[in-house]
Number of protein chains: 2
Amino acid sequence: MTDDDRVFKALADPTRRFLLDLLFARDGRTLTELESELEMTRFGVMKHLKVLEEAGLVVTRRSGREKLHFLNPVPIRLIHDRWIDKYTERQVTALVDLKAELESES
Amino acid sequence: MTDDDRVFKALADPTRRFLLDLLFARDGRTLTELESELEMTRFGVMKHLKVLEEAGLVVTRRSGREKLHFLNPVPIRLIHDRWIDKYTERQVTALVDLKAELESES
DNA sequence: TTGACATGTGACCAATGGGTCACATAAGTT
DNA sequence: AACTTATGTGACCCATTGGTCACATGTCAA
């Protein structure tokens with residue numbers, strides 16, 4: 001299993017993406033705290049966090065008996081750079097921003 | 001199945017990512033042409049292309065009996081924007097570029 | 001030390017997904 | 001029309017994966 005394979009497999013599950021959303025909103029949470037946001041047993045959440053951590057999308061730091069989880073955006077940026085070169089980036093960014101603006105006005 | 005779910009599921013398979021790499025290098029290829037680059041039957045490749053198309057990562061245009069495939073970078077950009085805000089983007093981009101530069105020098 | 005809390009491991013099961021094949025339609029060629 | 005080429009469909013098999021549970025370790029407080 002390659003590094004990028006781990007990243008994409010990790011992102012393939014909606015629960016794991018929701019965990020990234022939670023950490024994007026606020027970093028440094030524990031397993032128990034994240035579990036309370038999900039309708040799933042602690043074991044399921046723990047499995048998902050392990051997958052995210054092994055993919056490098058989440059980094060952790062121990063503090064006593066707690067384990068704090070942080071979002072690492074680097075792998076996300078690398079996905080972007082794989083299929084969007086500098087030239088295309090300008091066009092796509094403009095297009096996406098325009099679309100967002102139009103939808104916010106309606 | 002939500003839109004973004006289709007995108008992430010589509011990206012989860014290494015063969016499909018390789019197909020995107022091929023289209024990133026050169027657009028407008030047919031199924032038969034893409035098949036020749038892979039060690040897999042035509043049916044497998046067709047299934048993968050269907051998944052990519054339903055995710056919006058690949059758009060197609062018919063030309064006679066041929067079907068031409070093109071890469072659409074918009075869903076990739078949306079993944080980026082989901083977990084990297086404008087402020088973080090500057091830091092992450094700088095970090096990724098620096099890392100690439102250091103590795104190219106060694 | 002006794003109890004409560006936070007995290008960790010391995011086995012297990014149902015569901016999903018990758019790949020192939022038999023078969024089929026449609027379009028170009030001679 | 002006969003033949004070839006390009007794409008499409010449904011069924012099938014095997015491997016992988018999401019989720020749960022029984023059980024276990026480590027940490028903090030009284």
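All chains are named by letter (A, B, ...) in the order of the sequence lines, taking the proteins before the strands, and each is independently numbered beginning at 1. Please read all numbers here as calculations on a predicted model, not as lab measurements.
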Taking atom types as they are modelled, is there a donor-acceptor pair under 3.5 Å from the base of dG8(D) to the side chain of Arg42(B)? yes

Closest listed nucleotide, where the reference is the side chain of Arg65(B) and the choices are dT7(D), dG28(C), dA4(C): dG28(C)

The side chain of Thr41(B) is closest to which nucleotide in this list: dT20(C), dT7(C), dT7(D)? dT20(C)

Under 4.0 angstrom between Lys67(B) side-chain N/O and dG8(D) OP1 or OP2: yes

Write down the distance between CD (Glu33(B)) and P (dT5(D)), rounded to a whole number of angstrom. 17 Å

Taking 4.0 Å as the cut-off, does a side-chain nitrogen or oxygen of Arg62(B) come that near to OP1 or OP2 on dG8(D)? yes

Are any of His48(B)'s side-chain N or O atoms less than 4.0 Å away from OP1 or OP2 of dG17(C)? no

Is Thr32(A) close enough to dT7(C) that one of its side-chain N or O atoms is under 4.0 Å from OP1 or OP2 there? yes

Check every strand shown and say whether Gly64(B) touches a base, only sugar-phosphate, or nothing at a heavy-atom separation below 4.0 Å. sugar-phosphate

Ignoring the backbone of Lys47(B), work out which of dC21(C), dT20(D), dA11(D) is nearest its side chain. dA11(D)

Tell me every residue that passes salt bridge (Lys or Arg N to Asp or Glu O under 4.0 Å) with Lys47(B), counting only those two or more places apart in sequence or in another chain. none

Give a yes or no on whether a donor-acceptor pair under 3.5 Å exists between the nucleobase atoms of dG8(D), that is its base, and the side chain of Lys50(B). no

Are Phe70(B) and Leu11(B) joined in one hydrophobic group, where the rule is that I, L, V, M, F, W and Y side chains link up if heavy atoms are under 4.5 Å apart? no

Could you pick out which residue, Phe43(B) or Val51(A), lies toward the 5' side of DNA chain D when each is mapped onto its nearest nucleotide? Phe43(B)

Using five pairs at each end of the helix from dT1(C)-dA30(D) to dT30(C)-dA1(D) to define an axis, what is the angle between those two axes, to 10°? 30°

Winner on side-chain proximity to Glu66(A), out of dG19(C), dG18(C), dT7(C), is dT7(C)

